[in-house]
S.K.: 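Sharing a structure below in structure tokens format, with a few things to ask.
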2 protein chains.
Amino acid sequence: MSTQATSIRRSRDVPTLVAAAREGDHRAVARLVSLVENDDPVLPEVAAALAPHTGSAQVIGLTGSPGVGKSTSTNELVRAFRARGQRVGVLAVDPSSPFTGGAILGDRVRMQDHATDSGVYIRSMSSRGHLGGLAAATPQAVRVLEGAGCDVVLIETVGVGQAEVEIASLADTTLVLLAPGMGDAIQAVKAGILEIADVFVVNKADRDGADATYRDIQGMIGLGERGPGEWRPQVVRSVANRAEGIDDVMAAMDKHREWLTRPLPGGAGAHELTRRREARAAAEVEAIALGALRARIGNLRGGEALPTLAARVAAGKLDPYAAAKELLSTLEV
Amino acid sequence: MSTQATSIRRSRDVPTLVAAAREGDHRAVARLVSLVENDDPVLPEVAAALAPHTGSAQVIGLTGSPGVGKSTSTNELVRAFRARGQRVGVLAVDPSSPFTGGAILGDRVRMQDHATDSGVYIRSMSSRGHLGGLAAATPQAVRVLEGAGCDVVLIETVGVGQAEVEIASLADTTLVLLAPGMGDAIQAVKAGILEIADVFVVNKADRDGADATYRDIQGMIGLGERGPGEWRPQVVRSVANRAEGIDDVMAAMDKHREWLTRPLPGGAGAHELTRRREARAAAEVEAIALGALRARIGNLRGGEALPTLAARVAAGKLDPYAAAKELLSTLEV
């Protein structure tokens, strides 16, 4: 490894890193995402440097239970966007592994197909270290990829829990992958995925039960109430590991993008995409602010305020609301 | 329905509700959990009234992907605890459905076996309305069940995402259910479940692949580093829908409870259970405090401060850190 490469991998010199990332240096992009992941003190500076270059990339969320074929599907979607001449960033977000560096394993085993394509950035990230959690960290990482010139950013998450719902809310368009036999329609409702999906993809559509899964999802969508002009989630089938049905997935996403950017009645040029992105920015700003407040709470009285109150709560001597009130008064808010 | 029943179902009279719950009135318990769920303003009063009666119930977390047999297993565990003469509360928490009242469906379709047993309380809850989220709401609901005299509280969650990990951290002992063919060992690592499980239950152990799943999990546990005296996760097999293996699950939980309450070296009577409960109380107090701060942020400048800043962030005119800083200065923290 050259001295320059080593220095970029360790650098916290923001102007140099951002300039290199904007010129397409993969190591600089990786380094910036690491800074995001670790909630580095230079992050506000990174965000300020990137802000003017952000806001135009298409952000796509992709989620689904383990085993439905997310990595294979992402791989094929990357190929399809590349065929359109677009630069693609992939963020594989692992909200369920707050403790270990699970992301490292992910980086190694996935998507080797695109390893030599300079128009593709692939990066895993976990929430380790980021006080605002992934809800705060992920949009910063998206900004890094946008700043590096990506036209499309795919955010892939494992599972369909609340964290995934939050991350899906960061996307312009959210794909939910299903596979036959992975759970019935009631499970889909339980998991809250009907509310977040813009496009359902029944992957492994060559397997037994695919038609039933397709019908179940269509049935659940049919039961949902929606007003005139509201988006009706699309359902498409694919067999990602044979590259089948990817065109249909792309077409459904294109259709959703058209819907997102149609003029709203009386909206004076505003559209749904603007509305979504402003809501996203609000969540992001709030998460950063709450992260900062959380840090202050953690540091109160040399870090002793919270544990001392907690011990009294655990012993049944104080109720948690009274404890929280005392904590906030110490914070002098 | 009697007038008294109706009035309890709607009551916000805390002393009456808490007194009724302590006498075993199921409607009062249900009402108190609803107040928790909706983050009712009387909640601090509820918490204060319950505090002296809390801290002794055994809290068990049970999680796993959709389809592994969580409801059936919970059902059998309730039966086993009842056979020991213990009063049991079940909280079915649905972290992945922040939008719909998914919990309502859950209440109807599950665990009708225990519907007429006065020693069993079963309640679903979602995070709708609770500003601190389920991390704040769930422990309050556990307190309600403790206050109502439950010796054991089972917290069942859907899925294995970050929200489930958070909820699992509320338990003294966490069971993770697996089923053959639901995913391999790599998926288990990805989902972060190795870190949260005290006991693994390979359910549907009569199916093909059960031995492989058992071996995979044992293998993953073997790879983990643990110091002397640390708990090594147990792995047991069950076929919950035939009530097989439930004794083994109970024995593994008993063993973990023994470990939790063993005296710590140099701990002057403290044990792991105390440590866990204090950490839990700290997270709870912090979540309540952050929920209150979040509400204040949302109300700044008549609710306009955050959206105004967010619009500038979405347009690339302001970076999110600068926006958060401005928000906090408005909060005058």
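The chains referred to below are lettered A, B, ... by the order of the sequence lines, with proteins before strands, and numbering in each begins at 1. Side chains included, hydrogens not; waters and symmetry mates left out as well; all remaining heavy atoms used.
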S.K.: Could you state the interatomic distance from CD1 (Ile297(A)) to CG (Leu290(B)), rounded to the nearest 0.5 Å?
M.R.: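 If I round to the nearest 0.5 Å, the distance is 4.5 Å.
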S.K.: Identify, with sequence neighbours excluded, every residue that meets side chain to side chain donor-acceptor pair (under 3.5 Å) alongside Arg207(B).
M.R.: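 Here no residue qualifies.
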S.K.: Quick check for you: among Ala315(A), Ala314(A), Ala279(A), Pro320(A), which has the greatest number of heavy-atom pairs under 4.5 Å with chain B?
M.R.: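 Most heavy-atom pairs within the cutoff with chain B belong to Pro320(A).
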S.K.: To the nearest 0.5 Å, what is the distance between CG on Leu293(B) and CG on Leu328(A)?
M.R.: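 Taking CG in Leu293(B) and CG in Leu328(A), the distance rounds to 5.0 Å.
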S.K.: Enter the distance from Asp319(B):CG to Glu284(A):CD here, rounded to the nearest 0.5 Å.
M.R.: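 Here the rounded value is 9.0 Å.
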S.K.: How far apart are the closest heavy atoms of Ala310(B) and Ala281(A), and which atoms are they?
M.R.: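 So the two residues come closest at O-CB, 3.4 Å.
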S.K.: I'd like to know whether CZ of Arg226(B) has more than 12 heavy-atom contacts from other residues, nucleotides or ligands below 6.0 angstrom.
M.R.: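 Yes, enclosed.
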S.K.: Name the region of Ala311(B), side chain, backbone, both or neither, that has any atom closer than 4.5 Å to a heavy atom of chain A.
M.R.: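 Both backbone and side chain of Ala311(B) come within 4.5 Å of chain A.
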S.K.: Please rank Thr308(A), Leu306(A), Val313(A) by heavy-atom pairs under 4.5 Å with chain B and give me the top one.
M.R.: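 Among Thr308(A), Leu306(A), Val313(A), the one with the most close pairs to chain B is Leu306(A).
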S.K.: Between Arg143(A) and chain B, with a heavy-atom cut-off of 4.5 Å, which part of the residue counts as in contact: side chain, backbone, both or neither?
M.R.: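 Contact with chain B: side chain only.
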S.K.: Could you tabulate the donor-acceptor pairs under 3.5 Å formed by side-chain atoms of residues 41-55 of chain A, not counting sequence neighbours?
M.R.:
from: Thr54(A); atom 1: OG1; to: Ala51(A); atom 2: O; distance (Å): 2.8

S.K.: Side chain, backbone, both or neither: which part of Arg312(B) has an atom under 4.5 Å from a heavy atom of chain A?
M.R.: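 Neither; nothing under 4.5 Å.
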S.K.: Roughly how far apart are Leu327(A) CG and Glu286(B) CD, rounded to 0.5 Å?
M.R.: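 The distance works out to 8.0 Å.
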